[in-house]
*Asks:* 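Mind looking over this structure? Questions follow.
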Amino acid sequence: MLEVRNLVAGYGEVEVIRGLSLTVAAGQIVAVLGANGVGKTTLNKTLSGLLPVGAGEIHFDGARIDTASPSEIVARGLIHVPEGRKIFPNMNVRENLELGSYRRAKPRRAGNLERVFSIFPRLRERAGQYAGSLSGGEQQMLAIGRGMMAEPRLLILDEPSLGLSPLLVEEMFALIARLNAEGQAILLVEQNVVQSLDIAGTAYILENGACALSGPAAELAANPALRRAYLGL
Amino acid sequence: MYTPSIIAEAVVNGLLTGAVYALVALGLTLVYGVLHIINFAHGALLTCAMFAVWALSDGLGLNVYLTIPPLAVLFLCLGYGLQRWVIGPASHGDDGNTLLVTLGLSIAIENGLLAAFHADTRTLSGDAAFDVVELGPMLLSRPRLIGFGVAVLVAVLLWALLAGTDAGKAIRAVAKEKMGASLAGIDVRHIYALTFGLGCACLAVAAGLLMPTFYVNPRVGNAFVLVAFTIVVLGGMGSVPGALLGGLLIGVVESLGGLFLGESLGQAGIFVLFILVLLLRPAGLFGARA
């Protein structure tokens with residue numbers, strides 16, 4: 001479904017992603033893991049068209065999207081829930097969700113809104129409240145809910161557990177697994193290695209903008225080098 | 001000497017003038033709130049609109065109020081095009097450049113108008129300006145009453161657009177969270193241009209409302225923009241209700257200032273109020289604290 005070949009990208013002259021390749025198949029959770037600053041967020045911004053592609057190719061659903069604009073990419077169903085949520089603080093929860101279907105799935109807005117409210121009953125309770133007044137966990141739910149309003153073919157989640165309490169982190173990973181069980185393809189970009197490997201099918205470990213290790217998540221979880229580097233074991 | 005009815009009349013007259021000021025300020029604050037730039041071409045574009053009203057009304061003999069709808073549409077398109085294909089590309093995403101581009105644009109427009117129409121001051125022919133309506137003990141100018149009504153109507157329409165339509169919601173989304181908006185599939189360049197266009201459409205309406213009682217020359221817009229800028233800061237940068245109430249307040253202050261201090265000092269009251277607000281409430285009446 002998503003195929004990235006030898007991608008090079010970054011900010012102006014500064015290369016952050018240096019020849020990365022990865023594949024996401026329909027229905028999968030693919031985890032992209034790595035420490036701070038290895039290029040995870042840059043990868044996401046490049047996939048969603050916010051940053052230009054320096055070299056390499058991005059194919060999505062059989063079409064090349066590496067020169068497409070962010071709104072064209074959204075229209076194709078590649079939906080990016082960004083790090084830091086980036087919800088609209090000056091608008092209420094319902095309006096935030098409605099804007100999720102600004103470009104895609106607009107005719108089915110009412111039904112999708114109902115679906116998001118049933119996944120996140122908390123958002124229904126807060127529907128009329130300003131998004132800026134929500135707690136961190138609620139804002140993360142809202143960001144994911146806004147992404148789901150576009151009926152994503154592939155949902156990119158950038159650090160969904162960042163800044164949440166341990167209990168909420170558990171909930172967040174359970175939710176991601178549940179969405180995937182319903183057939184949602186997910187590219188999960190995380191620093192939280194243990195829990196991500198737990199729910200992912202395939203994983204890529206990034207170092208210095210390139211893939212250091214990749215394979216089935218269960219195998220990686222047992223890899224001694226990885227356990228030493230990321231788990232301190 | 002200042003009987004209650006004289007003061008009441010001054011207050012009402014101030015409100016009537018203030019509503020049109022508010023309309024000019026509305027365009028300025030909308031562009032600031034969404035694009036985060038001060039549009040220095042605002043005054044020159046208002047002058048353009050006033051010349052357009054004058055030309056259609058005096059030249060072609062159209063009723064001045066009938067020139068408003070077509071000019072509003074024309075200025076919406078003009079503003080859209082200016083931002084999308086001139087100001088946006090020329091500033092390469094840097095706000096500092098945008099200031100210079102709009103400033104340059106205002107100089108070009110002003111001098112273009114000067115070349116085309118010379119420095120003469122023109123007014124609409126006819127005596128509509130002296131048309132009055134008797135309201136209880138007050139005598140009110142009919143063009144100003146119409147101006148007030150239309151300005152309020154435009155403000156309500158704009159509010160409905162921002163609150164109730166997808167385009168309006170996208171404008172509010174881009175104002176506060178550009179990246180989030182892009183990722184929701186909103187084309188930020190389109191929304192910038194649309195907002196700039198709406199700001200220009202407000203100017204076209206204001207021009208149609210001003211011309212019956214005012215004059216036009218190639219520099220006339222600047223006087224209004226100085227007042228509008230005061231209103232925008234007073235009401236809170238980027239705040240639509242702030243611009244409306246600020247406009248009405250400034251209108252009343254100017255009118256009462258004129259009554260008590262004499263016509264020529266009326267505007268001094270505006271700036272005294274402005275300094276007081278800056279001292280006591282630096283974010284403006286409706287502005288978010290930084």
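Letters A, B, ... mirror the listed sequences (proteins, then strands); counts begin at 1.
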*Asks:* Within a reach of under 6.0 Å around CZ of A:Phe117, are more than 12 heavy atoms found that belong to other residues, nucleotides or ligands?
*Replies:*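 Yes, enclosed.
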
*Asks:* Do other residues, nucleotides or ligands put more than 12 heavy atoms under 6.0 Å from the CZ atom of A:Phe120?
*Replies:*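 Yes.
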
*Asks:* Nearest heavy-atom pair of B:Ala170 and A:Tyr102: which atoms, and what distance?
*Replies:*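 Answer, listing the atom of B:Ala170 first, then A:Tyr102: CB-CE1, 3.7 Å.
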
*Asks:* Please round to the nearest 0.5 Å and tell me the distance separating atom NZ of B:Lys176 and atom CZ of A:Phe88.
*Replies:*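 Between B:Lys176 NZ and A:Phe88 CZ, I get 12.5 Å after rounding to 0.5 Å.
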
*Asks:* Can you tell which of A:Arg146, A:Arg103, A:Glu98, A:Arg104 has the highest number of heavy-atom pairs within less than 4.5 Å of chain B?
*Replies:*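 Of the options given, most contacts go to A:Arg103.
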
*Asks:* For B:Arg84, is the CZ atom crowded, meaning more than 12 foreign heavy atoms sit under 6.0 Å from it?
*Replies:*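 Correct, the count exceeds 12.
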
*Asks:* Just verifying a value: how many Å separate B:Asp166 CG and A:Leu99 CG, rounded to the nearest 0.5 Å?
*Replies:*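 Output value for this atom pair is 6.5 Å.
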
*Asks:* Sort A:Arg76 into side chain, backbone, both or neither according to what part of it lies under 4.5 angstrom from a heavy atom of chain B.
*Replies:*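 Contact with chain B is absent: no heavy atom of A:Arg76 under 4.5 Å.
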
*Asks:* Please round to the nearest 0.5 Å and tell me the distance separating atom NE2 of A:His80 and atom OG of B:Ser182.
*Replies:*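 OG of B:Ser182 is found 11.0 Å from NE2 of A:His80.
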
*Asks:* Can you tell me if CH2 on B:Trp159 sees more than 12 non-hydrogen neighbours from other groups inside 6.0 Å?
*Replies:*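 Open.
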
*Asks:* Please check if atom CG in A:Asn208 has more than 12 non-hydrogen atoms from other residues, nucleotides or ligands closer than 6.0 Å.
*Replies:*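 Result for CG/A:Asn208: open.
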
*Asks:* Between the side chain of A:Asn90 and the main-chain N/O of B:Arg172, is any donor-acceptor distance below 3.5 Å?
*Replies:*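 Between the backbone of B:Arg172 and the side chain of A:Asn90 there is a qualifying donor-acceptor contact (under 3.5 Å).
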
*Asks:* In terms of heavy-atom contacts, does NZ of A:Lys106 have more than 12 from other residues, nucleotides or ligands at under 6.0 Å?
*Replies:*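 It does: A:Lys106 NZ has more than 12 such atoms within range.
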
*Asks:* Please classify the contact between A:Ile87 and chain B as side chain, backbone, both or neither, with a heavy-atom cut-off of under 4.5 Å.
*Replies:*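 The answer is the backbone of A:Ile87.
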
*Asks:* Atom OG of A:Ser71 and atom CZ of B:Arg189: how far apart are they, to the nearest 0.5 Å?
*Replies:*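 A:Ser71 atom OG to B:Arg189 atom CZ measures 8.5 Å (nearest 0.5 Å).
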
